[in-house]
Novice: 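Would you mind keeping the following structure in view while I ask a few things?
Lettering follows sequence order; numbering is per chain, from 1.
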Amino acid sequence: MADVNNNAENESKKGVDFIRQIINEDLKTGKGTQQVQTRFPPEPNGYLHIGHAKSICLNFGIAEEYKGVCKLRFDDTNPSREEQEYVDSIVEDVRWLGFNTDEKIYFASDYFDQLYAWALELIQSGKAYVDSQSAEEIRTMRGTPTKPGTDSPYRNRSVEENLELFDKMRKGELDEGTCILRAKIDMAHLNMNMRDPAMYRIRKASHHRTGDKWNIYPMYDFAHGYEDAIEGITHSICTLEFENHRPLYNWFLENVAVPCHPRQIEFARLNLSYTVMSKRKLLELVKENYVSDWDDPRMPSISGFRRRGYTPASIRRFCSEIGISKVNSLVDINFLQFIIREELNSSAERAMAVLDPLKVVITNYPEGQSEELEAENNPANPDAGTRMVPFGREIYIEQNDFMEDAPKKFFRLAPGREVRLKHAYFITCDEVIKDADGNVTELHCSYDPATRGGDSPDGRKVKGTLHWVSAEKAVKAEVRLYDKLFSLENMDEMEEGKDYKDYLNPESLIVKESMVEPSLAACEAGKSFQFLRQGYFIADVRDHSAQHPVFNRTVALKDSWAKLQKK
RNA sequence: UUGGACGUCGGCAAGCGGUAAGCCACCGGGUUUUGAUCCCGGCAUUCGCAGGUUCGAUCCCUGCCGUCCAAGCCA
C-alpha cells in the first residue's frame, strides 16, 4: 500500500506544491496502489542548465519522498541534432547534483521497435495514415487557430496501402520529405495539435545509438507518452508549453493497448534574472566565443555553476525554495546568490587576497625582520582551526582601502588615520608617496608593536580592519571576477529590434593580477575560500596550479559600504 | 481573432469559505579583529478590476482587463 504520509514528513509545515497534492490525491483515490514513478527526459542536444535542475530536483525529489523511482531517460528521437557528447555531460551533471548515482539510464531509442509496433496498430485500426503532401502543403492545410484545417487528399488511403507505404518509409525506399505518417484525429479540432499530427518522419541520418537501423524516427508527441507507459511512469511532469499537447498525449495512450496510462502534469519553467535559458542561445554563446565553453562560469549551465563554485546542495536548495507553480515567473538571481553565500559562509575557509595591490611600508618595523601571525580559518566554525600568515615590513593592501581625502564615513586608511590589519597590528598612515602624475604609489605607515594580533592593550578602538598580504611572501595569482552575463534584468523584455547579444555585459569577466597569501597557492583545484572582505572564490578546476594559481569569484560578499557610496 | 493556461508585497510563494505564512530584496537599530556573519525591528486593512452568492469571499459564480502558450516533417 502506498504510504501517503511519507510525503508529510518530508515537506514539514510548508504547504506542498500542487503537483505533490495531485500525487497525494491519486494515491488516496486508489489508482494508486502503485509506486510513484517519474522521469527526467532530456533531449541530448545541449548541456543542462539551472532550469533543468529545477525539473531534475522535482522529479528525483518526488521519487525520493514517495519512495518511488525516477528514471533518467534520453528522449533521443531526432538523430539530426543529438550527440553522445551531450548524453555524457547530462549524466555527469545529473549525478553531480546528487541524483541517479547508481541507477540505470534509459533511452527512447531502446523503444523504437515497440513504438513502431504501436504505429502499425494505429494504422491497422484506421487511426493513422501516410500523407504524401509536401511539408508546405501540410502547413497550409492545417488551417490557423481561427480557421479549421482541411483533410489531406491522402487521408482515406486503405489500411493496406498505408501499411505498404509505411514499410517503404521504414526501408528507406522513399526520400526525406516525401511523406510522413500522421495520426487521423480531427482537422477541425480547436487544438491545433489534434489536427492530424505527424507521428513519423523520414530521416536518413545515423543515430548516435541505433546507427543506420532506422530511416524513420518518431515525433515527440507520438513517442513520449509511450515511452512513459513502457517504463511504468505514473506522473509525467513537464513544462507549461506542453499543456496544449496533453490531449494528444492522452489520445495516443488511449488508442493502442499500453501497459499503463501515465498522467501528464505541467509546471512553469524557471527563468532567472540577467540571463537567458534557451539551449539555442546558450549554444550560440559557446559557438561564437562570447564565453569560453559550456562550463564558462558565467553560463547558467549546471557545469558553469559548478565551475563558478556553486555546490550541488546550494542548487538543490535553490530549486526547492523557489517552489513549483504554474505562474510564468522570473526568479531574482540574488536569491541564488544568497543561498550560496549562506552555505559558503559556514563551510569556506578564510584567506587574504589583495586584488588591487597598494604597497605599504611600515617604517618603524625593523628592516629584515619578519614573523608569522596566527589567523583563524573560519570564525563561524572553530573546528576549521588556524593557520600562520607571514608578516613583514612591506605589505600590500587594497587600493580602495586608502583614500587621500576621506569623508567622515570612510573607516579605512587615510592620512593620519589608524586602522587594524586583520590578525596583525594597528597601523597609522604617515605619508603618501605619489608618482609624477600624482597617482598614489606607496604609503608610509607606522605600527604599534603592542597591538600584535590585532588588539590594543590600552583599549583604544579603530573603525576599520583591512586585509593585507606580505609583499615578500605573497604569491601572484590570477583572480577572475565574474558578474552577470547580461545587463537586462528580464531578458524577455528586450527592446524592439534588439538581439539578446546586444545586452551582453562587457564587465561580466574582469581578470585581476592579484597578490594572495602563500597558503592559497598550495591549495587543490576545486576548493572554495572566502577572501576576506571580498567574496567567495574557488580554485579553478581547469586552470589552477601551484605554479599559476587561478581563482574564480563565486559571489561577492554583501557590501554595505558600496551601497552607502551609491547614495 | 479562436482554444488553453495563469493573475496574492519589488521578486519567489503559502493560502483550498472564518477574516493575508515564509523566504529573498529593501529600510531602520544592536553586536563584531571581515562596513561580512549574527541579532532585533519594520515592510500587502488587502489578494488584476467590477458585480453577485453568503452572516462572512483571496478562496464560489458572472463579466471585463492583462500576461503566457499554440498554425515544426523540433523537443
Novice: From the options A:Y396, A:F391, A:Y447, select the one residue that forms a ring-ring contact (aromatic ring centres under 6.0 Å, His included) with A:W468.
Specialist: A:F391
Novice: For the pair made of NZ in A:K463 and C1' in B:U32, what is the distance, rounded to whole Å?
Specialist: 14 Å
Novice: If you check every side-chain atom of A:E43, which of B:C74, B:U2, B:A14 has the closest atom?
Specialist: B:C74
Novice: Identify the pairs formed between an N or O of the protein and an N or O of nucleotides 67-73 of chain B at a distance under 3.5 Å, and give each distance.
Specialist:
{"residue": "B:C68", "atom": "O2'", "partner": "A:N328", "partner atom": "ND2", "Å": "3.2"}
{"residue": "B:C69", "atom": "O2'", "partner": "A:N244", "partner atom": "ND2", "Å": "3.3"}
{"residue": "B:C69", "atom": "O2", "partner": "A:N244", "partner atom": "ND2", "Å": "3.1"}
{"residue": "B:A70", "atom": "O4'", "partner": "A:N244", "partner atom": "ND2", "Å": "3.2"}
{"residue": "B:C73", "atom": "OP1", "partner": "A:R142", "partner atom": "NH2", "Å": "3.1"}
{"residue": "B:C73", "atom": "OP2", "partner": "A:R142", "partner atom": "NH1", "Å": "3.2"}
{"residue": "B:C73", "atom": "O2'", "partner": "A:R203", "partner atom": "NH2", "Å": "3.3"}
{"residue": "B:C73", "atom": "N4", "partner": "A:Q133", "partner atom": "O", "Å": "3.2"}
{"residue": "B:C73", "atom": "N4", "partner": "A:A135", "partner atom": "N", "Å": "3.0"}
{"residue": "B:C73", "atom": "N4", "partner": "A:G177", "partner atom": "O", "Å": "3.0"}

Novice: Verify the contact: side-chain N or O of A:S273 to OP1 or OP2 of B:G11, cut-off strictly under 4.0 Å; return yes or no.
Specialist: no
Novice: Could you label the plane-to-plane angle of the A:F338 and A:F335 rings as parallel, tilted or perpendicular, counting under 30° as parallel and over 60° as perpendicular?
Specialist: parallel
Novice: Roughly how many Å apart are B:C24 and B:G7, using the P atom of each and rounding to a whole number?
Specialist: 24 Å
Novice: Any strand counts, and the cut-off is 3.5 Å on both contacts for Watson-Crick or G-U wobble. Which nucleotide pairs with B:U1?
Specialist: none
Novice: Is A:S325 near enough to B:C6 that one of its side-chain N or O atoms lies under 4.0 angstrom from OP1 or OP2?
Specialist: no
Novice: Round to a whole Å and report the spacing from CD1 of A:I333 to P of B:C12.
Specialist: 14 Å
Novice: Rounding to a whole Å, what distance do you find between A:N271:CG and B:C6:P?
Specialist: 18 Å
Novice: Can you sort out the partners of A:E349 under salt bridge (charged side-chain N to carboxylate O under 4.0 Å, His left out), two or more places apart, ordered by chain and number?
Specialist: A:K527
Novice: For the P atoms, the ones on B:A36 and on B:G30, what distance do you get once it is rounded to whole angstrom?
Specialist: 13 Å
Novice: Could you check whether any side-chain N or O of A:R263 sits under 3.5 Å from a backbone N or O of A:D26, counting only pairs where one atom can act as donor and the other as acceptor?
Specialist: no
Novice: Is there aromatic stacking of A:W561 against B:G35, centre distance under 5.5 Å, plane angle under 30°?
Specialist: yes
Novice: Excluding sequence neighbours, so at least two apart, what forms side chain to side chain contact (heavy atoms under 4.5 Å, CB included) with A:A188?
Specialist: A:P148, A:D186
Novice: For A:I19, check side chain to side chain contact (heavy atoms under 4.5 Å, CB included) against everything at least two apart and list the hits.
Specialist: A:D17, A:I23, A:L58, A:I62, A:I237, A:I265, A:F267, A:I324
Novice: With both distances under 3.5 Å as the test, what is the Watson-Crick or G-U wobble partner of B:U54?
Specialist: none
Novice: Using the purine O4'-C1'-N9-C4 or pyrimidine O4'-C1'-N1-C2 torsion, is B:G72 syn (within 90° of 0) or anti?
Specialist: syn
Novice: Could you give the CD-to-P distance, from A:E493 to B:G10, as a whole number of Å?
Specialist: 15 Å
Novice: Partner lookup for B:C38, please. Criteria are Watson-Crick or G-U wobble with both distances under 3.5 angstrom; report none if nothing qualifies.
Specialist: B:G30
Novice: Could you tell me how far apart A:F411 (CZ) and B:U34 (P) are, to the nearest whole angstrom?
Specialist: 13 Å
Novice: May I ask you to establish whether A:R209 and A:F107 are in a cation-pi arrangement, using a distance under 6.0 Å from NZ or CZ to the six-membered ring centre and at most 45° from the ring axis?
Specialist: yes
Novice: How many Å lie between CZ on A:R246 and P on B:C6, as a whole number?
Specialist: 9 Å
Novice: Separation of A:N378 atom CG from B:U34 atom C1', in whole Å?
Specialist: 12 Å
Novice: Considering only the C1' atoms, how many Å lie between B:A50 and B:C65, rounded to the nearest integer?
Specialist: 10 Å
Novice: Taking only residues two or more places apart in sequence, or in another chain, which ones meet A:E371 in a salt bridge (charged side-chain N to carboxylate O under 4.0 Å, His left out)?
Specialist: A:R452
Novice: Side chain of A:R412, base of B:G35: donor and acceptor closer than 3.5 Å?
Specialist: yes
Novice: Given A:Y116, which partner from the list A:W214, A:Y111, A:F222, A:Y226 fulfils the ring-ring contact (aromatic ring centres under 6.0 Å, His included) test?
Specialist: A:W214
Novice: I'd like a list of close polar pairs between nucleotides 24-31 of chain B and the protein, N/O only, cut-off under 3.5 Å.
Specialist:
{"residue": "B:C26", "atom": "OP1", "partner": "A:K563", "partner atom": "NZ", "Å": "2.9"}

Novice: If the C1' atom of B:U58 is compared with that of B:G48, how far apart are they to the nearest Å?
Specialist: 12 Å
Novice: Starting from P on B:U37, measure out to CG on A:D559 and report it in whole angstrom.
Specialist: 10 Å
Novice: Within a reach of under 6.0 Å around NZ of A:K168, are more than 12 heavy atoms found that belong to other residues, nucleotides or ligands?
Specialist: no
